[in-house]
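Keep in mind that what you see is a predicted model, and the values were worked out from it rather than measured.
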Amino acid sequence: MQKKYEYDAVVVGSGPNGLACAIQLQINGLSVLLIEGAEQIGGGMRSKEFFTGYLSDVCSAIHPMAAGSPFFSQLPLTEYGLEYINPPILAAHPFDNGTSAVLKPSLIETAESLGKDRNSYLELMQPIVENWPKIAADILGPFKIPKEIFASLKFGLSAIKSAQWLSKRFQTPEAKGLFAGMAAHSFLPLDKLSTAAVGLVLMANGHLKGWPLPKGGSQALANSLLNYFQALGGKVQTNWMIKNFSEIPFARAVIFDTGPRQLVEIAGDHLPSIYKKRLGRFRYGPGVFKVDWALSEPVPFVASDCRKAGTVHVGGTFNEIASTEKATFNGKIAENPFVLLAQQSLFDSGRAPKGKQVLWGYCHVPNGSTVDMTNAIEKQIERFAPGFKDTIIDRRVFNTTQFESYNPNYIGGDINGGILDLTQLYSRPVLSFSPYRTPAKGIYICSASTPPGGGVHGMCGFHAANAVLKDL
């Protein structure tokens, strides 16, 4: 007698992609169980009080890709507890002369702020901003012939270039530096092909949907997704770290919001040896060293616009950032690292006691590095905000090993789900017409190690769910 299915689908892991996958399956009438190993759901969308009264975001903090996600943006998340806050300046990039370049919600205002590069910025970004809503679902997914061929091709011709090459469109250090900070989110040397894509997508999303922070912490985004999933009838089980496939309730489909390594560890006995070897060749990128601070006052940036920005990219000129990112990628410790900062409590007063602030930041480090980067990071901030160190009440640091312990998907501290270069952009986790399917019937993968890669957008989970729906 055939064993009866307990669920139509079980999703292992409740990061943004696991939640997206579970929601899409539940919307389409399947019975879904979502399993999470930790006490809290959310994966990279968790918040915690490292210091009493100060609410910090453990991983993700600012969410341009969530706000602009073709899937998340169509869900009624505001009805389930989500409230976005958009700072007046989305991102600022300070320089040693006390000035800064800025990304504002307005395309025109951003262009105007770049002086001689006004027209160059508009010529580059205006077509992308206008076309992005039409091409986003295709760009943020597996390789296929897009519905809007000409618009996608036009974007692709710029996106495939290196950030270094594309920066030649600009004359001023301000425009070049601003773009470098955006492209450095790729975790790649800026002379590599396709690094321009990350910068272009982040800037376009800023002009369309902003770079918002969820009120009450990134956990609020995770909670709203979970609330909606449960309202649809979905089931969730936390504190259940799956170690072996035999532990998973019997289901027609099992979808893993895990990296390739965890997929093999859990379900290896069900996967062909050739497929496991291919998964074993998956490449991971640089890791992160993260610091959360409790501050007595806002960061005293010299450039006033930095004091109004939700995100601040600290790294100096294009050449400085390009140099440090290349060194990090090649396994070296950067003396003056590129630092990404988020100033959530400037705009969400509930994050810190009255008059105090929280600050969130990290730099890129070689995969698996345990070098303490606290001093290097704080030195970089002090460079553009003299007196910063005097505002520090307390700090909490995470190195790459601690990040991997916190979330096993972060191999060597790689929060991006694997290198996102041109050769591994669509061949995630292996080159396949359907990267979300494994050769084993009923077993799928939906993590950031599938297209389109890292970021809180849920599109990996959305596309994986659609693959499941086609098969069942």
Side-chain angles (χ1 to χ4, degrees), residues 6-23 25-26 31-48 50 57-60 218-219 221-223 225-226 229-230 234-251 253-271 276 279-280 282 284 287-288 290 368 398-418 429 436 438 440 442-450 454 456 458 460-461 464-465 468:
E6 297 178 59
Y7 298 92
D8 291 317
V10 173
V11 178
V12 179
S14 71
N17 291 305
L19 282 160
C21 181
I23 288 170
L25 294 174
Q26 195 74 36
S31 60
V32 183
L33 172 66
L34 180 65
I35 299 175
E36 169 56 48
E39 291 181 16
Q40 280 183 309
I41 57 93
M45 303 178 291
R46 295 192 184 116
S47 303
K48 187 173 182 179
F50 295 127
D57 290 323
V58 182
C59 297
S60 65
S218 294
Q219 188 71 50
L221 174 56
N223 290 347
L225 289 163
L226 178 65
F229 171 64
Q230 291 180 308
K235 306 297 181 185
V236 63
Q237 176 68 57
T238 58
N239 259 331
W240 187 4
M241 184 65 75
I242 298 294
K243 298 290 187 181
N244 189 281
F245 195 83
S246 62
E247 302 171 40
I248 300 171
F250 193 46
V254 179
I255 310 95
F256 289 88
D257 183 13
T258 69
R261 191 173 298 181
Q262 291 72 42
L263 174 63
V264 172
E265 289 174 358
I266 297 171
D269 291 345
H270 298 263
L271 302 173
K276 287 190 285 187
L279 291 178
F282 187 78
Y284 292 94
V288 300
K290 179 171 178 281
F398 275 92
N399 64 26
T400 62
T401 302
Q402 291 164 324
F403 251 119
E404 186 173 340
S405 296
Y406 159 77
N407 187 333
N409 281 353
Y410 298 159
I411 301 296
D414 179 354
I415 62 174
N416 222 20
Y436 314 100
T438 76
I443 299 179
Y444 304 79
I445 181 171
C446 72
S447 69
S449 298
T450 64
V456 180
C460 309
V468 173

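G418 and F282 get closest at one heavy-atom pair: CA-CE2, 3.6 Å. Heavy-atom minimum distance, T450 versus P429: CG2-CD, 3.9 Å. Closest heavy-atom contact between L34 and A22: CD1-CB, 4.4 Å. Nearest heavy-atom pair, A440 versus L271, reported as atom, atom and distance to 0.1 Å: CB-CD2, 4.0 Å.
For the pair S60 (side chain) and G44 (backbone), a donor-acceptor distance under 3.5 Å is present. Side-chain atoms of Q262 come within 3.5 Å of backbone N or O of G259 as a donor-acceptor pair. A donor-acceptor contact shorter than 3.5 Å links the side chain of S47 to the backbone of Q219.
Within the 6.0 Å centre-distance limit, the rings of F403 and F398 are counted as a close aromatic pair.
Put simply, the side chain of L25 does not reach to within 4.5 Å of the side chain of D8, judged on heavy atoms. For the pair F256 and I443, the minimum side-chain heavy-atom distance is below 4.5 Å. With a 4.5 Å cut-off on side-chain heavy atoms, V32 and F229 count as touching. For the pair Y406 and C59, the minimum side-chain heavy-atom distance is below 4.5 Å. Between Q230 and V236, the closest side-chain pair of non-hydrogen atoms falls below 4.5 Å. You'll find the side chain of I411 reaches within 4.5 Å of the side chain of E404, heavy atoms only.
If you check the side chains of N409 and T258, you find no donor sitting under 3.5 Å from an acceptor. Between the side chains of S447 and D257, no donor-acceptor pair is found at a separation under 3.5 Å.
Once rounded to the nearest 0.5 Å, the distance linking CG of N244 with CD1 of I266 reads 8.5 Å. One distance of note links NE2 of H270 with NZ of K276; it measures 10.0 Å at 0.5 Å rounding. Once rounded to the nearest 0.5 Å, the distance linking CD1 of I23 with CG of L225 reads 4.5 Å.
Paired with N239 under the rule side-chain contact (heavy atoms from CB on, under 4.5 Å), one option of E36, E39, Q40 passes, and it is E39.
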